[in-house]
Amino acid sequence: MPRCARRLGDKGYLHVIARGNGQQIIFEDDQDYYFYIKLMSRNSKELDITICSYCLMSNHVHMLIYYSEHDNVAEFMKKIGIRYSYYYNKKYDRTGHLFQGRYKSELVDSEEYFLSVNRYILQNPLKAGISTVRDYPWSSYNIYDRKNSFVDASLFIDLLGGHDRYLEYVNATNEDVCMEYCYEKRSDKWAIDKMKSLLNVESGNELRMFSKEARDKAIRALKSEGLSVRQIARLTGIGRGTIQKA
C-alpha cells in the first residue's frame, strides 16, 4: 500500500479503534447504536473533532477523525467511553470495564492511506459477512450529504473526484490492510484458573447448572476479566449466542 504521497497537513488524521473487553458485545440493540452515535455527534462538536467516517460493529468501533489539538482526541474517546459504559452497564445490569483498555490509533499520513482507511472502515460489515456496505445502518456510508450531520466526508469525496467515484471506490474489491486491535492471547489454563477463583467452581461445566440469572451474571464477570466469548463457550459448553447476550 503506497503511503509516500504528500502529507495531508500539519494537524492530524487518525484511524481510531475501540473494542469491547475480551471481544464482548457492546451493542445489543438499535437503541445502543443510536446512543453511541449521539455521543459521537455531541462530543465531536464540543471538542472540535471532525469525524470523516465511522462504522459501529457489534463488539468494536472504527473511526477516521481529524483533530486540531491532539489532547482533544484522548478527551473525546474518554468522554464517549465513560458515558457509554455507564449507560450500557445500567441498562444490562452489569459491572466492570466495558471497553478493552485504551483505544488504539494510527496516524493517517498520506492521501492514499486516507482513502484506504475510509474504505476499510466502511467495508467492515461486508468483510465480516454481515451486510453489504450500502445496506449496513451503523456506518457513515449513506450520511455524507445530510445537512447538519456531524460527519464530514467532503475530503474523501473530493480526493476521489465526486459522488459517483466515491460509490465506485468504496464498493470495489480490494486488499486494503489497516490497523486492527490485537488482543493479548491468554491460555485456556489461565482462563480455567480465573474461572475457578472468580466463580468458586471446579469446572466450567458447572455454569450450565446455574439459574439463568446466575449464569448470565457469571458470564458477564468472565468477559469483564478478559475471557473471550469463544473461550467461555469452549470451557463451559454454553452456546456463543447465549454468552454474547449475557
Side-chain angles (χ1 to χ4, degrees), residues 17-40 54-62 80-104 123-132 135-139 180-246:
I17 303 177
R19 280 198 181 275
N21 192 20
Q23 304 187 54
Q24 78 169 77
I25 299 296
I26 56 176
F27 303 111
E28 299 280 356
D29 59 26
D30 289 0
Q31 183 183 14
D32 298 343
Y33 287 101
Y34 281 124
F35 187 73
Y36 195 93
I37 291 170
K38 181 180 178 180
L39 293 176
M40 289 167 58
Y54 72 82
C55 184
L56 312 185
M57 301 294 281
S58 61
N59 68 348
H60 68 281
V61 174
H62 283 274
I80 293 178
I82 290 175
R83 186 68 187 90
Y84 186 78
S85 294
Y86 176 80
Y87 154 86
Y88 186 94
N89 285 350
K90 182 177 181 181
K91 179 177 178 179
Y92 295 106
D93 189 27
R94 71 178 295 279
T95 59
H97 297 293
L98 178 61
F99 292 96
Q100 177 148 339
R102 180 181 171 86
Y103 66 90
K104 189 175 182 180
Q123 283 199 354
N124 256 240
L126 177 66
K127 292 184 176 180
I130 296 172
S131 167
T132 63
D135 294 329
Y136 190 68
W138 311 118
S139 81
E180 270 295 349
Y181 204 116
C182 297
Y183 286 100
E184 177 185 357
K185 293 184 178 180
R186 289 168 167 168
S187 68
D188 282 353
K189 181 181 184 306
W190 171 88
I192 292 170
D193 290 342
K194 179 66 68 174
M195 187 181 299
K196 288 180 177 180
S197 63
L198 188 65
L199 304 178
N200 194 28
V201 296
E202 290 300 320
S203 165
N205 291 324
E206 293 182 33
L207 267 69
R208 288 184 292 174
M209 306 301 294
F210 286 17
S211 67
K212 181 180 183 301
E213 181 179 357
R215 180 201 66 199
D216 288 352
K217 182 178 180 181
I219 290 172
R220 290 195 296 271
L222 293 174
K223 289 193 291 187
S224 70
E225 289 292 323
L227 277 76
S228 70
V229 171
R230 289 182 179 180
Q231 204 164 37
I232 296 172
R234 187 165 61 249
L235 298 178
T236 65
I238 298 172
R240 288 173 59 183
T242 299
I243 296 169
Q244 290 173 334
K245 293 177 181 178

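Numbers for residues simply follow the sequence, beginning at 1.
The shortest side-chain heavy-atom distance between N124 and H60 falls under the 4.5 Å cut-off. Q123 places none of its side-chain heavy atoms less than 4.5 Å from the side chain of Y136. You'll find the side chain of P137 stays beyond 4.5 Å of the side chain of Y33, heavy atoms only. Between Y54 and I37 the shortest side-chain heavy-atom distance falls below 4.5 Å. For the pair I26/R19, no side-chain contact is recorded, criterion being any heavy-atom separation below 4.5 Å from C-beta on. Side-chain contact check for I192 versus M195: every heavy-atom pair is 4.5 Å or farther apart.
Here the CD1-CD distance, from I17 to Q100, works out to 11.5 Å after rounding to the nearest 0.5 Å. To the nearest 0.5 Å, atom CD1 of residue I232 and atom CD of residue Q24 are 9.0 Å apart. Note that CD of E206 is 6.5 Å distant from CZ of F210, once rounded to the nearest 0.5 Å. If you take CG on N59 and CG on N21, they are separated by 11.5 Å, rounding to the nearest 0.5 Å. For the atom pair L39 CG and I82 CD1, the distance stands at 11.5 Å (nearest 0.5 Å). Taken from CZ in F35 to CD1 in I80, the straight-line distance is 10.5 Å, to the nearest 0.5 Å.
N89 places a side-chain N or O within donor-acceptor distance of the main-chain N or O of G96, the cut-off being under 3.5 Å. Looking at K223, its side chain never comes within 3.5 Å of a backbone N or O of I25 through a donor-acceptor pair. A donor-acceptor contact shorter than 3.5 Å is absent between the side chain of Y88 and the backbone of R94. Using modelled atom types, no side-chain atom of D135 and backbone atom of S131 make a donor-acceptor pair closer than 3.5 Å. Between the side chain of R208 and the backbone N or O of T236, at least one donor-acceptor pair lies under 3.5 Å.
More than 12 heavy atoms of other residues, nucleotides or ligands lie within 6.0 Å of NZ in K127, so this atom counts as buried by the packing criterion. The neighbour count for D30 CG, taken as heavy atoms of other residues, nucleotides or ligands under 6.0 Å away, is above 12.
A pairwise comparison of heavy atoms in L235 and A191 identifies CD1-CB, 3.6 Å as the closest pair. L207 approaches A218 most closely through the heavy-atom pair CD2-CB, 4.2 Å.
Remark: D193 engages K189 in a salt bridge, criterion side-chain N to carboxylate O under 4.0 Å.
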**Study point:** Verdict with supporting geometry, V201 and M209, side-chain contact (heavy atoms from CB on, under 4.5 Å)
**Key:** CA-CA 11 Å; V201 296; M209 306 301 294; over 6 Å; no
Exercise for review: Go through the steps for L199 and L222 under the test side-chain contact (heavy atoms from CB on, under 4.5 Å), then give the verdict.
Suggested key: CA-CA 9 Å; L199 304 178; L222 293 174; 4.0 Å; yes
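Side-chain rings of F27 and Y84 approach one another, their centers coming within less than 6.0 Å.
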